[in-house]
Engineer: 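After the structure tokens below, expect a handful of questions from me.
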Amino acid sequence: MFTMNYQYRVYPSKNQEVRMISWLEMCRGVYNYALRERKDWIKSRKCDINCCSLESEYIIPADATYPGYYQQQNALTAIKNSLPHLKDVQSQVIQEPIRRVETAFVAMKQRGHGFPRFKKFGQYRSFLFPQFKTSPIKGNKIKLPKIGEIPIVLHRPIPDGFAVKTVRVTRKHSGWYITLCLQIDVNIPDVMPHGNAIGIDVGLSYFLSTSEGEQVARPRFFDKLQRQLKLLQRCLKRKQKRSNARAKLIQKIGRIHEQIAASRLDWQFKLAHHLCDQSKMIFVEDLDFRIMAKGMLGKHTLDAGLGQFINQVLPWVCFKRGVYYGKVDPSGTSQTCPDCGTRVKKDLSVRIHKCPECGCVKPRDVASGQVIKARGLSGVETASGWELSGCQGTGARQDRVKDEILKSDLGKPTLYCS
Ligand SMILES: [Zn+2]
């Protein structure tokens, strides 16, 4: 089973748009209600006996069960009779917000995400049709239940053999989009380690450096857009709250954000293809970019979208191109000499690697790129040999990364594949 997401632009009519916005608002209501119910229950259970505040802690009977996923779904079906406006939304669409709350709580418990927050007006941007018996696309139109036919721009054809599994409708500042989750019933074998390898080190002074000595500077081409953004955001402060002019300006700012994100993604795809052109195996460090962003490197790593490139774009392009993608242990990659293996201590300000043992001199990032390559290669060889299938360590991690990309369709940038 293989799935992937394709995104297309749609142009709904005025009536359809009004209806879709009202659906988003109702979904937001259900989301916030479900979250409130859980939050109240949790609060009522951890009230201390000596400092119970009468305003913020709710008294919920001790035998009341936790409002879990199934309980909330059942409550929603029951409440629909007394709130008939909820019946306007397609029945499966109105159930999805509760699943989203559940996902958010699971992510909090298992992956250390923050406590889910309430969504303000405009923060709930998409709804999902989770099931289709036949393909909803006929010609240049897509037929959605209860909304009707909407003109769609099929800028890229839907590949043969793929069935539409789900449809997500998203409202962006630049207009409406749909994301099709396409599924095909085949098994695609994992890429086996083969051919020449390169190691990639990411850093701040350069976007990335390869073990072959190539250093890619961080993209500067959207500086112009960033300046424009700054200017508009300054204007926003002077605008009156709830005024028409303010709403228009917010939309303009939103569009620029989208433009920046799109051009960054485009640049990253071209870079990933460029890297795949020169090798059959690519090794990167197994870094947690969320921690990096909090630490000494500050916000700059997030600006450049390093995590997006290393964890989403690069593995996807490698997968498409049949290039092996592996992650290696990041500890001390910049402190080791690639030629003789001695530890050469240096702090962040030292940009040149000089080895006192063997005397090699090279840029710091290139040196750590070579260490990463050597580590990756030894990992692949010791794990299983070259011919055997299913190498452990890097292989298992690669599977996990791939699974995450392919299964996720919430809160992550859509991957465009060609
Ligand atoms: Zn050395």
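Order of listing sets the numbers, starting from 1, for every ligand and every atom in it.
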Engineer: Check the pair Gln183 / Thr3 against side chain to side chain donor-acceptor pair (under 3.5 Å), numbers first and verdict last.
Structural biologist: CA-CA 4 Å; Gln183 193 175 56; Thr3 52; 5.6 Å; no
Engineer: Which protein N, O or S atoms sit under 2.8 Å from the Zn ion (ligand 1)?
Structural biologist: Cys337 SG, Cys340 SG, Cys355 SG, Cys358 SG
Engineer: What closest approach, in Å, do Val164 and Phe132 show between heavy atoms, and which atom pair accounts for it?
Structural biologist: O-CB, 4.0 Å
Engineer: Taking the basic N atoms (NZ, or NE/NH1/NH2) and the acidic carboxylate oxygens, is any pair closer than 4.0 Å for Glu96 and Arg99?
Structural biologist: no
Engineer: Is the closest side-chain donor-acceptor distance between Gln72 and Glu102 under 3.5 Å?
Structural biologist: no
Engineer: Are the charged groups of Arg227 and Asp223 less than 4.0 angstrom apart, N to O?
Structural biologist: no
Engineer: Should the pair Glu149-Lys138 be classified as a salt bridge under the 4.0 Å nitrogen-to-oxygen rule?
Structural biologist: no
